[in-house]
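Just the heavy atoms: all of them, side chains too, but no hydrogens, waters or symmetry mates, feed the values below.
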Amino acid sequence: MKPPLALAGVVRLRRDLIAEGMTDDQIARLVRARALTRVRYGAYVPTPVWVQASEEERHRLLCRAVVARADPMTALTHVSSVVERCVPVWGFDLSVVHTTRLGADRAGRKLAGWTPHRGVLGDDDVEELHGVVVSTAPRSAFEVTTVTGVEPALVVVNRLLHARAMTLQDLEHQVEAHADWPGSLTATIVLRLADARLESVGEDRFSYVTYTQGLPRPEPQWTVCDESGTVVARLDFAWPDHGVFVEFDGRVKYERHRRDGETLEEFLMREKRREELVCQLTGWTCVRVTWADLARPERLAARIRAVFESRRREGRRLGA
């Protein structure tokens, strides 16, 4: 994971630019010349920074624009706190900043691109990170379960668990402490499905597909050894009883496992040889899953069930 973009002093408010001697007309000219980009009313970012920023980095810039003009007791919460930790998320509108005021049991007025939430934040519920105040990892994980569905919330929880930013027990304590909050059903399901062993958003989402489609729960990060006992592969998921394993094809895997100087074609050929070796050692069948497959969960589940059935038929034939 690359280091977080340093954002100290990047967001400039109109009042600061005016205090430095600029006029509104000069600011407008800089915006037209694409030297500055207005990210919110009265808040500007150097255009090269904005253009090169990822979606998550742009969200962090928006957060600073909001906090700079908000009540001083305002903290980034919900998905904004998670993004500030540079933890991958999925399924959220990152054009909207989420905040909560410390010590206030009421929400502020909702504005375009900014959702102030109701909820009491104590000193133990927040911490400072990268120069801004955010809700703690367990608190933000629970907050997310109250505003979204199971799948995006599961991704957040698994990414925080895998990053060791919290434990499952930490989240359980948050759920127990806020049992009267809306969204408790979502939190309960997420707790049951959460697994720190999963290594990517794609794996989180595939795990959720197996749950919603009624497939057996697969074993993640299954290790395969050769005849000498040396580990030759670690599979994304496996159903040992069915003789089937899953490899998720996604950009994160390519970035994580490609060797220095290795081309994409060389990497794919190495992956193919790895898959062939696993099939030879185990006698199992591989199912490759892509992001596009996750968008069609019923079709994906049907394909996996067909592989299960094919394996059963083959087993009966060989046993006959």
Side-chain angles (χ1 to χ4, degrees), residues 1-104 106-119 121 125-136 140 143-144 147-148 152 156 251 255:
M1 182 183 299
K2 67 178 182 179
L5 181 68
L7 300 182
V10 175
V11 177
R12 307 298 308 280
L13 299 185
R14 172 188 174 275
R15 64 177 181 236
D16 299 324
L17 297 174
I18 295 295
E20 293 172 5
M22 297 185 68
T23 65
D24 284 327
D25 184 59
Q26 289 173 323
I27 295 172
R29 287 206 301 269
L30 288 173
V31 172
R32 288 195 297 270
R34 293 184 56 80
L36 288 179
T37 293
R38 193 181 80 165
V39 297
R40 283 187 60 79
Y41 177 77
Y44 303 86
V45 170
T47 296
V49 174
W50 184 257
V51 169
Q52 296 173 20
S54 65
E55 185 181 11
E56 291 78 13
E57 289 168 342
R58 288 185 176 186
H59 183 78
R60 295 180 61 217
L61 288 164
L62 287 172
C63 287
R64 279 152 179 76
V66 166
V67 169
R69 302 187 65 188
D71 185 282
M73 299 297 286
T74 298
L76 298 177
T77 56
H78 298 72
V79 69
S80 293
S81 173
V82 177
V83 172
E84 188 57 40
R85 297 175 187 281
C86 301
V87 171
V89 299
W90 173 85
F92 291 93
D93 179 2
L94 295 187
S95 68
V96 179
V97 174
H98 296 262
T99 66
T100 305
R101 283 178 55 188
L102 277 75
R106 61 184 178 85
R109 182 166 58 93
K110 185 174 181 179
L111 302 172
W114 179 14
T115 300
H117 291 271
R118 176 183 179 183
L121 280 175
D125 295 319
V126 296
E127 60 185 324
E128 185 172 324
L129 184 65
H130 306 144
V132 291
V133 178
V134 300
S135 54
T136 62
S140 59
E143 290 167 342
V144 163
V147 297
T148 191
V156 164
R251 181 173 58 85
E255 293 175 348

Report the residues that fulfil salt bridge (Lys or Arg N to Asp or Glu O under 4.0 Å) with E127, sequence neighbours left out, ordered by chain and then residue number.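 In terms of salt bridge (Lys or Arg N to Asp or Glu O under 4.0 Å), with neighbours along the sequence ignored, E127 is linked to R85.
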Which pairs count as ring-ring contact (aromatic ring centres under 6.0 Å, His included) when at least one residue sits in residues 8-35, sequence neighbours excluded?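 Those involving residues 8-35 do not exist here.
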Determine whether V144 and V156 satisfy the following criterion, side-chain contact (heavy atoms from CB on, under 4.5 Å), listing intermediate values before the conclusion. CA-CA 8 Å; V144 163; V156 164; 4.1 Å; yes
Sequence neighbours left out, what pairs pass salt bridge (Lys or Arg N to Asp or Glu O under 4.0 Å) with at least one residue falling in residues 18-33?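 Listed once each, the pairs are R12-E20, R14-D24, D25-R29.
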Interatomic distance, [X] atom [atom1] to [Y] atom [atom2] [nearest 0.5 angstrom]:
| X | Y | atom1 | atom2 | value |
| --- | --- | --- | --- | --- |
| E143 | T148 | CD | OG1 | 13.5 Å |
| L61 | W50 | CG | CH2 | 6.0 Å |
| I27 | I18 | CD1 | CD1 | 4.0 Å |

Only pairs under 3.5 Å count here: list side-chain donor-acceptor contacts from residues 63-82, not counting sequence neighbours, and write none if there are none.
unit_1: R64; atom_1: NH1; unit_2: R60; atom_2: O; d: 3.2
unit_1: R64; atom_1: NH1; unit_2: E84; atom_2: OE1; d: 2.9
unit_1: R64; atom_1: NH2; unit_2: E84; atom_2: OE2; d: 2.9
unit_1: R64; atom_1: NH2; unit_2: H130; atom_2: O; d: 3.1
unit_1: R69; atom_1: NH1; unit_2: Y41; atom_2: O; d: 2.4
unit_1: D71; atom_1: OD1; unit_2: M73; atom_2: N; d: 2.7
unit_1: T74; atom_1: OG1; unit_2: D71; atom_2: O; d: 2.8
unit_1: T77; atom_1: OG1; unit_2: T100; atom_2: OG1; d: 3.0
unit_1: S80; atom_1: OG; unit_2: H59; atom_2: NE2; d: 2.8
unit_1: S80; atom_1: OG; unit_2: H98; atom_2: N; d: 2.9
unit_1: S81; atom_1: OG; unit_2: S135; atom_2: O; d: 2.8
unit_1: S81; atom_1: OG; unit_2: S135; atom_2: OG; d: 3.4

Considering all heavy atoms, the nearest V96-W114 contact: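 Closest heavy-atom pair between V96 and W114: CG1-N, 4.2 Å.
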Locate the shortest heavy-atom distance separating T99 from V97; write the atom from each residue and the value.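 Of all heavy-atom pairs spanning T99 and V97, the closest is CG2-CG1, 4.0 Å.
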Test of understanding: with side-chain contact (heavy atoms from CB on, under 4.5 Å), list the residues that count as partners of L30, not counting sequence neighbours.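 L30 satisfies side-chain contact (heavy atoms from CB on, under 4.5 Å) with M22, A35, L36 once adjacent residues are dropped.
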T37: which residues meet the side-chain hydrogen bond (donor to acceptor under 3.5 Å, both in side chains) condition with it, sequence neighbours left out?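 For T37, the residues satisfying side-chain hydrogen bond (donor to acceptor under 3.5 Å, both in side chains) (neighbours in sequence not counted) are T47.
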Would you call V89 and P152 a side-chain contact if the rule is heavy atoms closer than 4.5 Å?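 Contact flag for V89/P152 side chains = no.
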